[in-house]
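Below: the structure, in structure tokens.
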Amino acid sequence: MADPRYFPTERDIVTNGTGQAALHERAAEVTRGKFGKEVFVRAVVEVSNYCRENCAYCGMRRDNRALHRFRAGYEQLAELLIHHCPDTVTDVNIQAGEDPIAVHEVVLPLIQALRRETAHGISVCLGTLDRELYAALRAAGATIYIMKFELGDEPNYEKFEAPGTFDERLQNIRALAADGWNVSSGFIVGLPGHQPRELMASFRLANELPICGCSVSPFIPGGDTPLANFPPVNANWTLNSMAALRLMRPDWVIPAVSALNLTEKDGYRRGLRAGANLVTMNLTPTNLREDYIIYKRERFIMTEERVLEAIAAEGLTPSRQGLADYYQQGAACAQPAAARPA
Ligand code: SF4
């Protein structure tokens, strides 16, 4: 049973052994109680690795001159998503660096084509844009905006050069929600020197924002970034954060991110046991995704086969209901009833 008074503690984040097993079991129980054995299944296409931002933790930062940059052709992606999308996929996520040119030239025509030809729900993860572009994306047919707040406290947000300013990011998340978008957000765990005490600020912020879902991204040092020589996150902190998030917000959609498999073997499957209820198949054409390096060049690509194997191995099944449909019902986006920071 979900405990409406639950709020994550530092102890939850660092727990291991039997304490960790109990935390993950509680999270799994709450997830199954709310969603049964079904997990949402979406596809992602990565359409541009140009980015005007300079996040210290990301290989696509603008100062990485070594990276070959690309923008995909929308016709190739439209053909792929309209005619060759796996049957289990209900939603498509279109993702890019912060690249307004790609939004105009690739994303908008792709959404229009998808809206004409398919019933897929459409989400976008495109960074901080101006209000006219948000409105154009909405008019084209996207309903979910993924905007991660990355770090829950301003000093660390600035230190790691996260996009724009902390205040601007939060204003954009709130404005998107006020304009009718279903907003999903996310934060990073394990950046250098970032301790569980500071992570509590991320939970507090997630709990306050008008969002319907939240991801937990493990810090993986990227080769061509200023953080290349720092150690990766302790895998348990990431999984424990996912479980804590699930207990804090039982209705939320929490993705299993592919990078979980970079933190430990079977990390992705452990994520599905710790509260995740969304899986993502990467359908980006192979020649393009090699240069989409949010983490490091050696990515762990979750193909259709790997995703289906992982959910079957955990005794789960693809949801018949789409993510956009679920969000439209509104339950996940309701403000918390009684969850309180300790
Ligand atoms: S995390 Fe996003 S906004 Fe930041 S540099 Fe990478 S692609 Fe750009």
Side-chain angles (χ1 to χ4, degrees), residues 44-72 93-107 123-130 133-134 137 144-154 156-173 176 183-192 194 202 205 211 214-228 230 232-233 238 255 257-260 262 280 282 284 288-299 301:
V44 65
V45 284
E46 296 151 337
V47 307
S48 164
N49 70 352
Y50 284 90
C51 188
R52 61 187 177 186
E53 299 289 354
N54 211 31
C55 307
Y57 43 82
C58 177
M60 287 168 19
R61 65 200 309 265
R62 66 171 181 267
D63 282 356
N64 183 4
R65 312 269 181 237
L67 180 64
H68 169 255
R69 305 278 172 169
F70 73 86
R71 284 188 192 103
N93 179 32
I94 303 169
Q95 184 165 301
E98 200 171 291
D99 177 15
I101 293 174
V103 177
H104 284 287
E105 294 182 356
V106 187
V107 179
S123 58
V124 291
C125 182
L126 303 168
T128 311
L129 305 171
D130 61 42
L133 262 188
Y134 292 145
L137 290 161
I144 302 170
Y145 207 104
I146 301 169
M147 184 173 286
K148 301 178 184 183
F149 61 77
E150 311 284 27
L151 289 139
D153 63 293
E154 191 165 10
N156 275 300
Y157 194 94
E158 283 180 12
K159 176 178 161 187
F160 292 108
E161 301 175 78
T165 68
F166 185 65
D167 284 348
E168 179 188 75
R169 194 73 164 178
L170 301 188
Q171 277 166 17
N172 273 265
I173 290 172
L176 285 162
V183 183
S184 183
S185 194
F187 59 90
I188 307 168
V189 176
L191 280 159
H194 201 234
S202 294
L205 183 55
I211 57 180
C214 192
S215 63
V216 178
S217 300
F219 168 65
I220 311 282
D224 290 320
T225 71
L227 307 180
F230 285 93
V233 64
T238 312
V257 300
S258 59
L260 289 169
L262 292 175
T280 308
N282 193 316
T284 310
L288 300 180
R289 71 186 180 210
E290 282 169 9
D291 289 316
Y292 202 88
I293 49 170
I294 300 177
Y295 307 105
K296 54 183 183 177
R297 205 166 262 287
E298 303 75 38
R299 299 173 65 189
I301 299 295

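In each ligand, atom 1 is the first atom listed, and ligand 1 is the first ligand listed. On a predicted model such as this, the values are computed, not experimentally measured, just so you know.
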Return the set of residues passing side chain to side chain donor-acceptor pair (under 3.5 Å) with Ser185 (not counting sequence neighbours), or none when no residue passes.
none
Restricting to side chain to side chain donor-acceptor pair (under 3.5 Å), what partner residues turn up for Glu161, sequence neighbours left out?
Arg61
Is a side-chain N or O of Ser48 found less than 3.5 angstrom from the main chain of Ala96, in a donor-acceptor match?
no
Presence of N, O or S from Cys55 under 2.8 Å of atom 4 (Fe) of ligand 1:
yes
Only heavy atoms of [X], strictly under 4.0 Å: list the atoms of ligand 1 that pass.
X	value
Arg61	5 (S)
Cys58	1 (S), 5 (S), 6 (Fe), 7 (S)
Met60	7 (S)
Cys51	3 (S), 5 (S), 7 (S), 8 (Fe)

All heavy atoms of Val107 vs all of Val47, minimum pair found to be CG2-CG2, 3.8 Å
So how far is it from Leu129 CG to Glu98 CD, rounded to the nearest 0.5 Å?
6.0 Å
